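Each remark here refers to the structure printed beneath this line.
Note on naming: letters A, B, ... go to the chains in the order of the sequence lines (proteins, then strands), and numbering restarts at 1 for each one. Model, not experiment: these values are computed from the prediction.
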Protein chains: 2
Amino acid sequence: MNSRFPVSLHILTLLHDAKGQVMSSEYLAGSININPVLVRKEIMNLRKHGFVDSKEGKGGGSFLAKNAADINLGEVYTAVKSDHILGQHKKDPNPKCPIGRQINQHLTDLYTQAEQALIENLSKQTLADFALNFN
Amino acid sequence: MNSRFPVSLHILTLLHDAKGQVMSSEYLAGSININPVLVRKEIMNLRKHGFVDSKEGKGGGSFLAKNAADINLGEVYTAVKSDHILGQHKKDPNPKCPIGRQINQHLTDLYTQAEQALIENLSKQTLADFALNFN
DNA sequence: TTGTACTGTAACAAAAAATATTACAGATGA
DNA sequence: TCATCTGTAATATTTTTTGTTACAGTACAA
């Protein structure tokens, strides 16, 4: 499992905390303790989804593009996730086995509904709620 | 993300389908299309949790140790999961940053409740229900 | 108009995690 | 007593994730 979700949430929390001030990838990376290039990549994704925006050039950096109360954690999760939460299944089970032949379809169905429950739970909380935890 | 959950579920489904007959790790591995040693390791874990049992020696193999209707998928997930579903967070964010200093605790809290929702959803379905999908 | 400090992005390297392989002792049945 | 399994360790390979280096392009500011 990669750490894109926690990294994204960390970035968003920092940007929220910055109250509109632009933050450099260098600074964000310093708080998270990862490479600035990874931060910039993650920010590209967050931008693509409309959560943040950024300014190039001297004095540039990034900032929240919408109100923290309008970003829910289910959306953040969705924006970040790539493969199935329950573990990617083998692409090529044995087609000669009646179970092997059908398992991927049924796993996909199972994952889809389980993931939906996860997302619904995360969606109950906004970035603003989450940031409220910090003092 | 490893594929322990789908592998475990695949094994359990095959054993259920076998209706009590012992199945060799070789056969199971053949349906899943992975290495038999991995199957045996996964079976050790499923055994430890009381889902299956196995017989050594010639003609040996494994079989379900309880009724499929008494194994729910939430339990299977719990038996198999190692790290956090939402991605493990960095162990060492910057302690000098007020956000970095506290984020891990809050991520853990968030994960715990989100994972709970996932498990509750999975628990609605038993192995018997899942196996019913196959024909 | 030139230097400085950023972003965006690609290409490559290193580290970590997952999976596969080999090997073999011990159990069990025929 | 042979053949066929499990259980398990040790090691190798592959894949995924993360880090690093590099540099073009943008914007501000002296």
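B:M44 places its CE atom 14 Å from the C1' atom of C:dG26, with the value rounded to the nearest Å. Rounded to whole Å, the distance from CG on B:D53 to P on D:dC5 is 18 Å. To the nearest angstrom, C1' of C:dA5 lies 16 Å from CE of A:M23. Distance A:K48 NZ to C:dG8 P: 13 Å, rounded to the nearest Å. For the pair A:N45 CG and C:dG8 P, the computed distance is 13 Å after rounding to whole Å. The separation between B:D92 atom CG and D:dG19 atom P is 10 Å, rounded to whole Å.
Proximity of a side-chain donor or acceptor of B:N133 to a complementary backbone N or O of B:F130 within less than 3.5 Å is detected. Checking side-chain atoms of B:E120 against main-chain N and O of B:A117 turns up no donor-acceptor pair under 3.5 Å.
Between A:Y111 and B:F5, the ring-plane angle classifies as tilted under the 30° and 60° cut-offs.
Residues A:D109 and A:Q105 have side chains that bring a donor and an acceptor to within less than 3.5 angstrom of each other.
Checking the phosphate oxygens (OP1, OP2) of D:dT6, a side-chain nitrogen or oxygen of B:S25 falls inside 4.0 Å. Between B:S3 and C:dT19, a side-chain N or O to OP1/OP2 separation shorter than 4.0 Å is present.
Residues A:K55 and A:N33 both approach DNA chain D. Their nearest nucleotides, taken by heavy-atom distance, put A:N33 toward the 5′ side. Between A:S62 and A:V37, the residue whose closest nucleotide on DNA chain C is further toward the 5' end is A:S62. In terms of position on DNA chain D, the residue among A:R40 and B:S24 whose nearest nucleotide sits closer to the 5' end is B:S24. Between A:G57 and B:K41, the residue whose closest nucleotide on DNA chain C is further toward the 5' end is A:G57.
Between A:N121 and B:E115, the closest side-chain pair of non-hydrogen atoms is not below 4.5 Å.
Nearest nucleotide to the side chain of B:R47, out of D:dT6, C:dT19, C:dT7: D:dT6. The nucleotide whose nearest atom lies closest to any side-chain atom of A:E56 is, among C:dG29, C:dG26, D:dT26, D:dT26. When the nucleotides D:dT26, C:dA20, C:dG26 are ranked by their closest atom to the side chain of B:N35, C:dA20 comes out on top.
Note on A:N2: only backbone sugar-phosphate atoms sit closer than 4.0 angstrom, heavy atoms only; bases stay farther off.
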